[in-house]
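To keep things clear, I will list the structure first and then write my remarks on it.
Note that this is a predicted model, so its numbers are computed, not measured. Each chain gets a letter, A, B and so on, in the order its sequence line appears, and its residues count up from 1.
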Amino acid sequence: MSRHISKSKSKALYLYKNAAAVGIQKLSLSAAQLRTSATRASCTDSEEISEGEDWYASHIIQDKDLLRKSLHNSGTGLHVLDLVNRGSLEADRTLYNKLLNRCTQMGRLQQARIVHAHILTSHFKDDLPIHNTILNMYVKCGSLEDARNLFDQMPCKDLVTWTALISGYSQYDRPQDALVLFPQMLLRGLEPNQFTLSSLFKAAGAVSDDNNKHGRQLHAYCLKYGFDTNVYVGTSLVDMYARWGHMDESQLIFDSLETKNEVSWNALIAGHARKAQGEHALRLLGKMLREGFKPTHFTYSSVFTACASAGSMEQGKWVHAHMIKSGAKLVAFVGNTLLDMYAKSGSIEDARKVFDRLVRQDIVSWNSMLTGYAQHGLGQETVQRFEELLRIGIQPNDITFLCVLTACSHAGLLDEGQYYFDLMKSYNIEPQISHYVTIVDLLGRAGLLDRAEKFIREMPIEPTAAVWGALLGACRMHKNIDLGAYAAERVFELDPHDSGPHVLLSNIYASAGRLSDAARVRKLMKDCGVKKEPACSWVEIENAVHMFVANDDAHPQRVEILHMWETISGKIKEIGYVPDTSHVLFFVDQQEREVKLQYHSEKLALAFALLNTTPGSTIRIKKNIRVCGDCHSAIKYVSKVEGREIIVRDTNRFHHFRDGSCSCRDYW
DNA sequence: GTAGGGTTAG
């Protein structure tokens, strides 16, 4: 043993030796690890204790009550074990439970292992309840390995033992491990209770293979034994079906619950939020309120997420106001979704306000804000904020870098983008495939197609369809047919069912006049059963979201909309708008192309908004695919002739049209 | 002694 260790540290080592004597080496820790942890624990755990032997000299405690009170100090109170070792205190069940609970609450794994070691030296070494508590402690400290080792070593296990481990696996994203334990448990003659089942449903919700066999079987078991009336079990069922995306079943189970609470509502609302069903989530919030339940942070967080994906700012604002009135603090978990909602529904200013008002910003707050700036085309702002983040010493993560790289790509900041890509190493972040995609995009957009291709060839990881897809997109932008065709072939090989690359390649050929090649790609696409997603646009007016599809002739205001577009079209042609028909399929004639162009969904949405909003107000449109070049050009002119700010959100980013130009500087 | 719900990118 090291001679450099102080006397107080050697006491911890004594503890370790004791433990080793009764077979602690069976634990997952090596002797060296345990020695280190014991030493460290004794040094760092009890800040209130002065260094070394002095403390023991001045604290010879005879009074056991006084000693127990020392457990109320901060820290895990581990030092009392030294007094046990000295014989001045008897370690009883209560003492061990207090120590174990303290380690659990504070999540202190090293200390937890020491207490465990000590217990093995005591006459509780075969005590089942104590060992269940230890197992739970390891789970709560996040060490499934320690928990599993203990579980395997325990000669006697009861339902609590099995349930604690099952819940551990389901909490720490190891659903399969949780699920396989269940039949093993049944084989040993143990029957699950509501605790076991709710953990199992949580696990089953995280896997969705084989027609969700596990979850459905468990559900049947649960009905058979009548556990479904328990609110925990019922809620975990609602959640399980919602995670599979089966919202109808989720709703049915929810409706059948005799007892509901906030958590049940939250599970259902979160399900709709994950499916981007904003309207549904909002309706449920209204219902929840009418039925007298108080929304929690979880509720608000899900509803804001739903509003963000729907881009419904007005509704989101209403919920925000409701949250303020309820007196809830703006903690990061909710605030991040709120700021994301503002950013995604078009108001970067409001997003910034939320960011500034957060009780404390975490890395997700920063990432959301950076994403917001990037999507709004504020490349310089993103870079500046990113630099600020580094300056104040916040550790960026892989998403942070992805945000800043995307911003550089969208804003054409070539040098900065490459610099930040290299900078990732200094922060010990290994670039993921998405970072490589962004760099290909960055180089490609800047027209450096050969460099982009070279970059792909030299990648240390295998390029995916997304990587080649980025090159293909750049080839479309810069009209490079040969490289585009090559990149498209790579994409087809890697991901034959995506319609995007087929459409892109077909368009590359079409715009170069190679109509037969374009037709061949379209045919290939058809033959493979690849379907193009129909284009849609949405516009929110007075709390209602209106949807438009291209050539929509079923809309009740169809005549007015078309009339409005004709008027607008005339006005913008007067100031220089020329329809760019290269964005329309090649097999229609010129006149027909112009007509088809006129009825792109974003134009219909725009005309509708002009008809139904007050002059001068901002118009916000959302699109499910990228805005086409002709619409982009037309909307720029409309913003000028109508004196309107028009904000279009497509799948990639925002376009802020104002006074004849767009924030993306025609670069998207 | 064991249980259910929430965030950022692409």
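As judged by a 4.0 angstrom heavy-atom cut-off over every strand, A:Val139 is placed among residues making no nucleic acid contact. Residue-level contact check: A:Lys140 touches the backbone only, with heavy atoms under 4.0 Å from sugar-phosphate atoms and none from bases. If you check every strand for non-hydrogen atoms under 4.0 Å, A:Arg274 touches sugar and phosphate atoms only. Residue contacts shown for A:Asp158 include a base, since a base heavy atom lies under 4.0 Å away. Across all strands, A:Ser264 comes closer than 4.0 Å to base atoms (heavy-atom distances). Among the protein residues, A:Val231 comes within range of the nucleic acid bases, having at least one heavy atom under 4.0 Å from a base atom. Within the nucleic acid shown, A:Asp398 has no heavy atom closer than 4.0 Å to any nucleic acid atom.
At a threshold of 4.5 Å between non-hydrogen side-chain atoms, the residues A:Met185 and A:Leu159 count as touching.
Regarding contacts with the backbone of B:dG10, a side-chain N or O of A:Thr406 is found under 4.0 angstrom from either OP1 or OP2. Proximity of A:Arg243 to the phosphate of B:dG6: a side-chain N or O atom is located under 4.0 Å from OP1 or OP2. For B:dT2, one of the phosphate oxygens OP1 or OP2 lies less than 4.0 angstrom from a side-chain nitrogen or oxygen of A:Asn136. For A:Thr371 and B:dT8, the shortest distance from a side-chain N or O to OP1 or OP2 is not below 4.0 Å. For B:dA3, one of the phosphate oxygens OP1 or OP2 lies less than 4.0 angstrom from a side-chain nitrogen or oxygen of A:Gln171.
Atom CE of A:Met369 is separated from atom CD of A:Glu388 by 11.0 Å, given to the nearest 0.5 angstrom.
Taking atom NE2 of A:His410 as the reference point, atom P of B:dG10 lies 7 Å away to the nearest angstrom. Separating the CH2 atom of A:Trp468 from the P atom of B:dG10 is a distance of 22 Å, rounded to the nearest angstrom. Computed from coordinates, the A:Arg360 CZ to B:dT7 C1' distance equals 14 Å when rounded to whole Å. The separation between A:Leu358 atom CG and B:dT7 atom C1' is 11 Å, rounded to whole Å. Rounding to whole angstrom units, CE of residue A:Met240 and P of B:dA3 are separated by 19 Å. Between A:Leu405 atom CG and B:dT8 atom C1' there is a gap of 15 Å when expressed in whole angstrom units. For the pair A:His320 NE2 and B:dT7 C1', the computed distance is 16 Å after rounding to whole Å. The interatomic distance linking A:Gln432 (CD) with B:dG10 (P) rounds to 14 Å, in whole Å.
Checking B:dT2, B:dG4, B:dG10 against the side-chain heavy atoms of A:Phe195 singles out B:dT2 as nearest. Listed nucleotides B:dA3, B:dG4, B:dT2 differ in distance to A:Ser236; the shortest reach to its side chain belongs to B:dG4. Counting only heavy atoms from C-beta on, A:Thr163 has its side chain closest to B:dT2 among B:dT2, B:dG6, B:dT8. The side chain of A:Ser368 approaches B:dT8 more closely than any other nucleotide in the set B:dG10, B:dG6, B:dT8. When each of B:dT8, B:dG6, B:dA3 is scored by its nearest atom to the side-chain atoms of A:Ile399, the top-ranked nucleotide is B:dT8.
Counting atom types as modelled, A:Ser199 pairs no side-chain N or O with a base atom of B:dA3 as donor and acceptor under 3.5 Å. Judged by distance alone with a 3.5 Å cut-off, a donor-acceptor contact links the side chain of A:Thr235 to the base of B:dG4.
Under the salt bridge (Lys or Arg N to Asp or Glu O under 4.0 Å) criterion, no residue pair touches residues 188-203 of chain A, with sequence neighbours excluded.
Between A:Glu381 and A:Arg385 there is a salt bridge, since a side-chain N of the basic residue sits under 4.0 Å from a carboxylate O of the acidic one. The residues A:Arg216 and A:Glu249 are annotated as salt-bridged, a charged nitrogen and a carboxylate oxygen being separated by less than 4.0 angstrom. We find that A:Glu462 and A:Arg490 are not joined by a salt bridge, their nearest charged nitrogen and carboxylate oxygen being 4.0 Å or further apart.
At least one donor-acceptor pair under 3.5 Å links the side chain of A:Thr438 to the backbone N or O of A:Ser434.
Interface residues of residues 336-355 of chain A facing DNA chain B, ordered by number: A:Asn336, A:Thr337, A:Asp340, A:Lys344; criterion, heavy-atom separation under 4.0 Å.
Here A:Phe333 packs flat against the base of B:dT7; its ring centre is closer than 5.5 angstrom to the base's six-membered ring, tilted by less than 30 degrees. Remark: ring of A:Tyr232 not stacked against base of B:dG4; the cut-offs of centroid gap under 5.5 Å and plane tilt under 30° are not jointly satisfied.
Looking at A:Thr235 and A:Ser264, their side chains do bring a donor and an acceptor atom within 3.5 Å of each other.
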Item to complete: Quick one: do A:Phe124 and A:His131 satisfy ring-ring contact (aromatic ring centres under 6.0 Å, His included)? Show the steps, please.
Response: CA-CA 9 Å; A:Phe124 291 105; A:His131 278 79; 9.5 Å; no
